[in-house]
Amino acid sequence: MPLELVETIADLRSRVASRRPAGLVGLVPTMGALHEGHASLIRRARTECATVVVSIFVNPIQFDRPEDLERYPRSLDVDTDLCRSLGVDLVFAPTVAEMYPAALECRVEVGRLADHLCGRYRPGHFSGVATVVLKLFQIAQADRSYFGQKDGQQLAVVRRLVSDFNVPTTIVGVPTVREPDGLALSSRNQRLNPEERRLAPALFHALHGVQAAVAAGTTSVDDLKQLASRHIPADSRLRLEYFEIVDPVDLQPVARVTGPVVAAGALWVGTTRLIDNVMIGV
Ligand code: PAF
């Protein structure tokens, strides 16, 4: 069946309902500017579900800086073509007025999971993500929902959202897709100029260096953080916003690596903020 582009909540609900007898419904929530990382989520959904829904919505309430919202790349036609080529059934691309017809009176509040990593530097971001994701779950009523491990804190928040609010969807975390030099794919990469693009894999090198150091026996997080910062070249265009090593479930910082942990960081490359993470010891 050809791809259907849907703009209203009522329309999406009725089209999903009419396809439900065919089998599982999978949802891939995105903000568009789709790349190979999104394609891997969609391919996974395609192999597991009879109906694949991709939502494309740049969610204003999760942006903590107005200029970031303004600069966020938008390319609905190209995105729809990619979805078509990947066999997506329904693209849900609502307007802001459709999703937020009135100012919200209720929002999802995220607790300790948002205290560290990106949450510390982006006030309200995870509340905005959790709120829109809960709305998308209610709208699409998908059996499975697919999220990238690159946004590791988001994935942890969404998993907890589903368990705290008894949402009947299974969360599937899909591994990060990387460029050959290690840079994690991100819609924000397209903002980098060639010189910034050359510098951008520094965060991956830091994460990789820490992974190797843990494998070689280093357990002190202070030592590991120092090692990570040595991987970031002294260049005025680079600024490491944070580099943390946390417990993979509650995302609280640890002092020593004695079991599975997540190493995660955010690096400013010029005016673009990039994030990445790796699991260690699993
Ligand atoms: O990861 C994203 O693209 C967004 O945070 C999401 C999950 C689509 C919510 O707006």
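When reading the values below, keep in mind they use all heavy atoms of this one structure, side chains included, and skip hydrogens, waters and symmetry mates. All ligand and atom numbering here is 1-based and tracks the order in the structure.
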Show the atoms of ligand 1 that are less than 4.0 angstrom away from any heavy atom in [X].
{"X": "Thr30", "result": "8 (C)"}
{"X": "Val132", "result": "9 (C), 10 (O)"}
{"X": "Gln62", "result": "4 (C), 5 (O), 9 (C), 10 (O)"}
{"X": "Met31", "result": "3 (O), 4 (C), 8 (C), 10 (O)"}

Report the C-alpha separation of His205 and His208 in whole Å, then their side-chain angles, then the decisive distance to 0.1 Å, and conclude whether the ring pair (Phe, Tyr, Trp, His ring centres under 6.0 Å) test is met.
-> CA-CA 5 Å; His205 294 149; His208 197 244; 8.0 Å; no
| Can we say Asp181 and Arg198 salt-bridge, meaning some charged N sits less than 4.0 Å from an Asp/Glu carboxylate O? |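 Not counted as a salt bridge, because no side-chain N and carboxylate O are separated by less than 4.0 Å.
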- Task: State plainly whether the residues Asp89 and Arg46 are in salt-bridge range, i.e. N to O under 4.0 Å.
- Result: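 Here Asp89 pairs with Arg46 in a salt bridge, since their nearest N and O are under 4.0 Å apart.
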For the residue pair Phe147 and Phe137, categorise the inter-ring angle as parallel (less than 30°), tilted (30 to 60°) or perpendicular (more than 60°).
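It falls in the perpendicular class, over 60°.
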Inset, instruction - May I ask you to check whether Gln154 has an N/O atom sitting below 3.5 Å from an N/O atom of ligand 1? - result: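 Yes; the residue has a nitrogen or oxygen that sits under 3.5 Å from a nitrogen or oxygen of the ligand.
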Which atom of Ser187 lies closest to which atom of His38, heavy atoms considered: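 Between these two residues, the closest heavy atoms are OG-CE1, 3.6 Å.
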